[in-house]
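Reviewing the structure listed below.
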Amino acid sequence: MSRAPARNGAAPRRPGDEDDICPVCKSSRYLNPSMRFLVNPECYHKMCESCVDRIFSHGPAPCPVAGCARTLRKARFRRQTFEDLHIEREVDIRRRVAGVFNKREEEFESLRDWNNYLEEVENLTWNLLQGVDVKETEKKLDAYKRQNEQEIKQNAAIESQENANTEAQFAAQREQARLRREAARNEELDERREKEEGRREMVDMMARGDGDADTIARETQKVVLKKSTARRTAAERSRQQAAAKVDNGAAAPLFSIQGLKRVVQPAPEKEYDPFGGYVIKHEYYYLRDHYEHSWLDNARSDAQITAGGYDVREYCARAMMEAFGGLGVFVEDEIREREEMADKGVGTASAAAAGGGGGEGVDGDVL
Amino acid sequence: MKFNIEDLPVLFPYPRIYPEQYAYMCDLKRTLDAGGHCVLEMPSGTGKTVSLLSLIVAYQQYYPEHRKLIYCSRTMSEIEKALAELKALMKYRADQLGEEEEFRGLGLTSRKNLCLHPSVKKEKSGAIVDARCRSLTAGFVKEKKERGEDVDVCVYHDNLDLLEPHNLVPNGVFTFDGILKYGEKHKQCPYFTARRMMPFCNVIIYSYHYLLDPKIAERVSKELSKDCIVVFDEAHNIDNVCIESLSIDLTEDSLRKATRGANNLERKITEMRSSDAEKLQNEYAKLVEGLRDADEAREEDAFMANPALPDDLLQEAVPGNIRRAEHFVAFLKRFVEYLKTRMKVLHVISETPPSFLQHLKDLTFIEKKPLRFCAERLTSLVRTLELTNIEDYQPLQEVATFATLAATYDKGFLLILEPYESDTATVPNPILHFTCLDAAIAIKPVFDRFSSVIITSGTISPLEMYPKMLGFTTVVQESYSMTLARRSFLPMIVTRGSDQSAISSGFQIRNEPGVVRNYGTLLLEFSKLTPDGVVVFFPSYLYMESIISMWQGMGTLDEIWKYKLILVETPDSQETSLALETYRTACCNGRGAILLCVARGKVSEGIDFDHHYGRTVLCIGVPFQYTESRILKARLEFLRETYRIRENDFLSFDAMRHAAQCLGRVLRGKDDYGIMVLADRRFQKKRTQLPKWINQALLDSDTSLSTDMATASAKKFLRTMAQPFSERDQAGVSTWDLRDLERHKEKMEEEKIRELRNGGGKMEGDGVDGRFNVQNGVDGDDFEDEDMDALMRDADAE
């Protein structure tokens with residue numbers, strides 16, 4: 001825990017630390033009660049603060065632990081949070097992975113997909129932890145990060161917003177609880193005071209001697225009772241009001257509605273396509289931008305011609321189409337087909353005969 | 001005797017009935033007819049159990065639904081007593097009806113009490129018996145046996161499989177003794193017999209925990225149908241039982257053990273991976289499918305069970321990141337490590353589960369959802385790994401339960417970390433209390449599931465407190481007074497010592513020599529005048545010790561020593577039972593003794609001081625709880641905010657129920673007598689919080705006495721008690737035979753008719769009148785001679 005040591009400084013020792021010895025300088029806590037240990041997330045070797053000062057003050061240096069040649073920097077040394085250094089390392093890795101894979105459950109279509117995703121991520125983390133295919137995994141991680149930069153950023157923003165909200169909520173709750181506690185205390189005090197007053201009044205009345213002692217006692221009792229019930233109902237009411245107010249107050253600054261579906265941005269409208277997806281493509285030729293023809297050059301540059309909107313390219317396109325216009329049509333095939341259709345059935349034969357004249361006309365056109 | 005309550009014929013196994021028993025039965029029937037819950041308070045020693053059983057059995061047998069009865073009591077001896085009572089009742093019914101009814105009644109208790117296996121039953125500790133039994137009887141052991149491997153099995157258990165599964169024992173009621181004998185004779189395991197026969201029983205009698213503790217209830221009480229009648233007897237402490245069943249305390253030691261457990265699990269998983277990977281794969285596949293194998297979960301040898309979980313959670317699939325066994329163990333390790341880190345804090349922390357979860361997530365990236373599935377997942381893993389030495393994993397299981405509870409409930413729980421044992425301690429010994437504040441959480445499933453829940457006890461005042469705290473509504477809520485032919489107990493409130501100064505165990509004056517001396521004189525006076533046994537209750541062990549040492553200095557003890565033997569209760573149960581034994585011997589041989597005990601100790605709850613074992617009970621000081629405890633403070637605050645119960649109201653209620661429990665110890669029947677002394681100034685104002693039957697017997701003149709006045713009236717009382725008292729004097733007043741009962745019924749009917757006449761006109765009244773006559777005639781004819789028998793018996797006894 002990071003809160004405690006800041007408060008307690010050096011004086012009270014943590015349990016279990018007593019017989020610690022710095023693995024680098026071999027000085028023990030017995031000699032140096034204020035010794036603190038630091039680790040570097042590069043290699044997680046533990047050493048005492050003075051060692052860190054001694055070795056790394058003049059810039060990066062290799063780790064003094066035998067067999068570990070990693071270069072460490074002083075700035076990255078920090079106190080360990082967990083007793084078990086494996087867990088410390090695990091948490092660091094998890095922090096990194098969680099920073100990248102931060103998809104949210106709402107983004108998945110089914111619970112099962114979400115669970116599969118979770119397992120995938122866990123596998124990845126596991127590989128990093130156990131040192132299995134680290135390179136491969138790192139590559140995957142990087143690739144994912146690069147691909148989904150935008151999304152990651154968005155989710156991170158949402159998450160931090162949520163965290164802030166819950167923080168605020170906790171604070172509001174604490175405040176509310178404090179208020180309620182105070183109110184209860186006040187109420188009790190009031191009640192006691194009132195009782196005291198009632199008693200004093202009764203004694204006064206008796207001392208004045210107006211009326212029988214019993215009736216006075218009864219009367220005052222009644223008054224006290226009435227007062228206390230009235231006060232209680234009033235307190236109840238005010239409490240309810242306060243609660244309602246606090247509810248509203250808490251809701252206003254951190255207005256967050258739970259259970260909303262994510263708004264899906266409608267896809268941008270497509271451009272208008274007059275052919276409904278039909279693409280006109282030249283099958284047997286392609287159009288060049290420029291054709292070398294001396295007799296066309298004039299038409300290209302002459303203002304008298306171009307001013308009217310005449311474009312040589314249009315002429316070229318038309319000419320090319322006309323040149324290749326009949327290439328895809330095989331008359332024999334079409335005639336054969338037509339005859340086959342006629343042979344097929346009596347029902348269609350008459351129809352074919354009826355349409356015969358028209359058909360010939362069409363053929364004639366093509367020819 | 002046999003009589004009718006409305007249309008229901010009831011067979012009552014005694015020739016006479018107390019008026020309050022009759023009233024109790026009527027209200028019980030009303031509750032059952034209406035199908036709701038009720039709270040009933042009936043004085044101790046007036047035959048609560050037998051009236052309850054005879055009415056409910058009559059109800060079961062008469063109406064076609066045959067609603068099952070689940071009777072929960074607190075201790076083993078109480079359960080055994082109830083079983084014996086039931087057995088006698090069924091015998092009486094068989095005699096009266098001339099035939100054995102199709103009826104089964106069984107009790108259930110731990111394996112330790114019911115084991116017959118020659119070597120296992122020799123074990124001392126219940127946990128070891130459980131573990132060894134499991135290692136002999138678990139499902140996979142049997143599988144291994146079938147595969148031809150050489151494993152030990154329990155012959156008593158395996159014999160059960162040869163019998164018809166729904167007919168392991170013949171009809172009838174078996175006490176624990178009875179079923180042990182039967183098991184020995186037929187070589188079958190009594191424990192599993194009882195457990196497997198539970199769905200086929202008409203009456204089940206067991207401890208609260210089988211129903212309330214969610215970890216056990218899941219396993220044992222799952223198959224009980226909705227229309228069961230559930231009875232909680234001796235239920236004055238039920239809220240504390242509920243809270244305890246959901247509270248968890250973690251220490252550094254238990255966390256260390258949990259880590260060890262996790263490491264063991266890890267090793268086992270690697271072993272299994274190399275030898276029998278298929279099993280793990282199967283489990284994994286099942287988890288992926290999100291199928292919770294219902295049969296498997298309910299299997300009786302399921303090792304670990306889960307805390308109260310909402311049903312929707314049970315339907316859901318286990319989250320992906322703890323699906324694989326390795327991942328889950330790493331997850332657990334991380335969580336335990338986090339808890340260890342938190343334990344290092346050197347100041348008190350109290351926080352709600354949501355804030356705990358937030359911090360957990362910030363530090364270790366453990367999300368709420370997998371945490372919720374922790375207990376469930378661990379159970380599944382343990383089952384897959386076929387572990388037998390479960391007790392090694394107990395701490396880990398505790399951590400998992402804690403995780404699940406913390407992630408499931410936002411409200412009603414609180415985490416309190418106390419780094420030091422006491423305020424003055426300097427060596428940290430941290431304890432993480434995960435405490436349940438809301439008694440309603442544990443008992444809610446019971447109220448939801450069963451339509452009739454009956455909560456009853458000798459001292460359960462004020463009645464309205466219980467429905468409020470436990471979150472239910474009642475159909476009937478009744479407290480009965482005790483009908484007595486003579487004033488057989490004398491409650492008194494002593495507010496002043498013999499020197500007329502006020503006495504109190506209040507914090508400011510509790511150690512003043514004057515107060516201590518006054519208490520000493522009070523005790524001395526009563527030890528002089530009381531015959532046989534005196535029981536004294538103190539608010540706490542601490543106070544008891546200090547006051548005894550002061551008495552020693554003053555010479556009070558030497559003085560008392562002349563009249564009575566002095567014995568003291570200690571927190572150690574064996575010492576206490578020795579003291580109790582000596583106490584009883586001293587009471588029996590006429591030496592007389594004083595037992596000094598604590599109002600919240602073992603003696604105050606379970607042990608009866610009937611007749612000469614207790615003639616006077618002295619309650620020194622109001623037994624308030626230790627109010628500085630952080631857990632209590634948190635609970636008080638919760639009660640105030642959630643149920644609008646004020647701190648002082650609750651504390652006073654709690655103190656008074658314990659005081660009443662102490663007072664009730666001496667009076668265990670109508671022929672018993674005793675003096676009850678409440679010695680504190682503050683009792684005067686709390687008089688209304690006593691149970692109705694005590695309060696009624698407390699005369700106004702006895703509410704503020706000084707020691708000498710109390711002595712005088714106690715002497716007078718004892719003189720009256722010394723007069724001969726024949727049973728005949730009681731007849732018709734505090735005990736009824738059938739004729740008295742008929743007369744009472746007639747009177748009630750007449751009153752009803754009169755009311756109807758006055759209110760509703762003549763016609764209705766006539767109708768009621770007619771029906772009543774017919775019914776009355778039938779009853780009279782049938783049982784004339786039995787009534788005669790009873791009279792004859794009485795005459796003989798004289």
Side-chain angles (χ1 to χ4, degrees), chain A residues 1-5 7-8 11-17 80-84 86-88 90-91 93-95 97-99 105 111-123 125-126 129-130 159 163 166-167 169-171 173-174 176-177 180-181 183-185 187-188 191 236 239 243, chain B residues 252 255-256 259 284 287-290 316-324 326-328 330-331 333-338 340-347 349 351-352 354-355 357-359 361-367 369-370 417 419 426-430 636-638 640-641 644 646-648:
Chain A
M1 262 299 299
S2 48
R3 303 185 204 170
R7 193 183 62 91
N8 63 27
R13 284 171 212 163
R14 290 161 153 215
D17 279 355
Q80 71 189 81
T81 318
F82 297 96
E83 198 184 317
D84 189 345
H86 293 110
I87 304 285
E88 183 85 29
E90 183 178 342
V91 167
I93 290 175
R94 273 178 198 284
R95 181 170 297 126
V97 175
E105 193 176 345
L111 187 66
R112 191 155 171 181
D113 293 333
W114 163 241
N115 280 334
N116 289 341
Y117 161 79
L118 282 179
E119 193 185 335
E120 194 71 19
V121 174
E122 189 69 28
N123 273 335
T125 320
W126 186 256
L129 282 174
Q130 302 290 323
E159 200 164 318
N163 283 348
T166 43
E167 272 307 313
Q169 241 159 8
F170 288 151
Q173 271 170 10
R174 268 196 297 273
Q176 230 171 307
R180 275 196 304 253
R181 221 170 293 152
R185 209 169 22 236
E187 200 178 312
E188 215 160 290
E191 199 174 302
E236 187 69 25
R239 193 185 292 137
Chain B
E252 284 205 314
L255 287 182
R256 246 194 315 276
T259 311
Y284 171 77
L287 292 176
V288 171
E289 288 303 318
E316 231 189 276
V318 170
N321 44 3
I322 56 171
R323 260 189 328 215
R324 278 192 184 285
E326 301 88 347
H327 294 173
F328 177 61
F331 175 88
K333 272 175 146 177
R334 204 156 79 238
F335 184 63
V336 173
E337 209 53 42
Y338 168 77
K340 276 186 187 166
T341 312
R342 296 224 55 178
M343 289 287 222
K344 293 211 172 116
V345 179
L346 289 176
H347 55 104
I349 291 178
E351 61 178 349
T352 56
S355 102
L357 291 179
Q358 186 65 34
H359 189 249
K361 195 180 152 197
D362 291 347
L363 228 60
T364 58
F365 299 92
I366 291 179
E367 296 270 351
K369 203 165 158 208
L417 176 80
T426 49
V427 182
N429 180 21
L636 287 176
E637 188 164 335
F638 178 82
R640 174 163 50 78
E641 288 182 358
R644 296 259 165 277
R646 289 213 240 153
E647 277 102 334
N648 285 336

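To find a chain, count down the sequence lines: A is the first, B the second, and so on, and within it residues start at 1. Model, not experiment: these values are computed from the prediction.
- Across every non-hydrogen atom of T125(A) and V97(A), the tightest pair is OG1-CG1, 3.8 Å.
- Using a 4.5 Å cut-off between heavy atoms, E159(A) touches chain B through its side chain atoms alone.
- Heavy atoms of R174(A) lying under 4.5 Å from chain B are absent altogether.
- Contacts between N648(B) and chain A at a heavy-atom distance below 4.5 Å involve the side chain alone, from C-beta outward.
- Looking at Q173(A), neither its backbone nor its side chain comes within 4.5 Å of chain B, counting heavy atoms on both sides.
- Around atom CD of E647(B), more than 12 heavy atoms belonging to other residues, nucleotides or ligands sit under 6.0 Å away.
- Side-chain N or O atoms of E367(B) include none that pairs as donor or acceptor with a backbone N or O of K361(B) at under 3.5 Å.
- With a threshold of 4.5 angstrom between heavy atoms, P354(B) approaches chain A through its backbone and through its side chain.
- Heavy-atom distances place the side chain of Q358(B), and not its backbone, under 4.5 Å from chain A.
- Geometric assessment of R95(A) against the ring of F365(B) yields a negative cation-pi assignment under the 6.0 Å and 45° thresholds.
- Only the side chain of E90(A) comes within less than 4.5 Å of a heavy atom in chain B; its backbone stays farther off.
- Looking at H327(B) and R323(B), their side chains never come closer than 4.5 Å, going by heavy atoms from C-beta outward.
- With a 4.5 angstrom heavy-atom cutoff, R334(B) touches chain A via backbone and side-chain atoms both.
- Looking at E326(B), both its backbone and its side chain come within 4.5 Å of chain A, counting heavy atoms on both sides.
- With contacts defined as side-chain heavy-atom distances shorter than 4.5 Å, the pair K340(B)/T259(B) qualifies.
- One finds the CG atom of L357(B) at 11.0 Å from the CG atom of D362(B) (value rounded to the nearest 0.5 Å).
- Across I349(B) and V345(B), no two heavy atoms sit closer than the pair CD1-CG1, 3.8 Å.
- Interface residue Y338(B): backbone and side-chain heavy atoms are both found under 4.5 Å from chain A.
- Residue E120(A) qualifies as open at atom CD: its count of foreign heavy atoms under 6.0 Å is 12 or below.
- Of the atoms belonging to E188(A), it is side-chain heavy atoms, and not backbone ones, that fall under 4.5 Å from chain B.
- Ranking G320(B), A330(B), P370(B) against chain A, the residue ahead of the rest is G320(B), based on heavy-atom pairs under 4.5 Å.
- With a 4.5 Å cut-off on non-hydrogen atoms, F82(A) touches chain B through its backbone and its side chain both.
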